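Predicted model, so just to flag it, every value in this text is computed and none were measured.
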Amino acid sequence: MAAERKVDLGTKIVTAVAAMAAAFIARKLITIVWTKAVGKEPPTHPEDPQVGLGEALGWSVLTGVSVEANAADGQAAHSRQTS
């Protein structure tokens, strides 16, 4: 069994702030990419009846992929820290 490492409070705070900053930047980046590709702002409420099905699905897939990539990156970083 691997020995557990103690992480101080400062490290936890810095990690949390870095994760929030990364999520904010990722959201801004995919919004910019969407706007450049589609030519209009992404839908704020994809379930709105005025939003087309293709637009709602496209935005949902794009945000889902970015969330999954962020989660995979976090898991990889965690495994590097614990090994």
Side-chain angles (χ1 to χ4, degrees):
M1 187 180 219
E4 289 189 34
R5 292 178 25 188
K6 290 197 175 219
V7 180
D8 66 343
L9 181 61
T11 302
K12 289 181 181 180
I13 291 172
V14 169
T15 302
V17 170
M20 287 187 287
F24 177 78
I25 291 168
R27 176 68 180 216
K28 288 293 182 184
L29 181 64
I30 63 172
T31 300
I32 290 168
V33 168
W34 177 272
T35 304
K36 295 244 185 223
V38 177
K40 60 182 180 178
E41 291 292 315
T44 54
H45 300 288
E47 69 276 1
D48 186 359
Q50 294 181 340
V51 175
L53 180 61
E55 186 178 0
L57 285 175
W59 179 246
S60 298
V61 167
L62 184 61
T63 55
V65 166
S66 69
V67 166
E68 186 59 36
N70 190 16
D73 185 42
Q75 289 174 349
H78 178 71
S79 68
R80 285 192 303 267
Q81 287 178 349
T82 59
S83 60

With clusters built from Ile, Leu, Val, Met, Phe, Trp and Tyr whose side-chain heavy atoms come within less than 4.5 Å, directly or transitively, what are the remaining members of the cluster of L53, listed by chain and number?
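When side chains under 4.5 Å apart are linked, the cluster holding L53 also contains L57.
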Taking transitive links into account, so neighbours of neighbours count too, which hydrophobic residues share a cluster with V38 at under 4.5 Å side-chain distance?
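V38 shares its hydrophobic cluster with I30, W34, W59, L62.
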Quick one: side-chain hydrogen bond (donor to acceptor under 3.5 Å, both in side chains) pairs with a partner in residues 19-32, sequence neighbours left out?
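Sorted result for residues 19-32: empty, none.
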Which pairs count as side-chain hydrogen bond (donor to acceptor under 3.5 Å, both in side chains) when at least one residue sits in residues 38-57, sequence neighbours excluded?
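Qualifying pairs: K40-E55.
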Taking side chain to side chain contact (heavy atoms under 4.5 Å, CB included) as the definition, give me every residue that meets it alongside V17, ordered by chain and number, with sequence neighbours left out.
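So V17 forms a side chain to side chain contact (heavy atoms under 4.5 Å, CB included) with I13, M20.
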K36: which residues meet the salt bridge (charged side-chain N to carboxylate O under 4.0 Å, His left out) condition with it, sequence neighbours left out?
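In terms of salt bridge (charged side-chain N to carboxylate O under 4.0 Å, His left out), with neighbours along the sequence ignored, K36 is linked to no residue.
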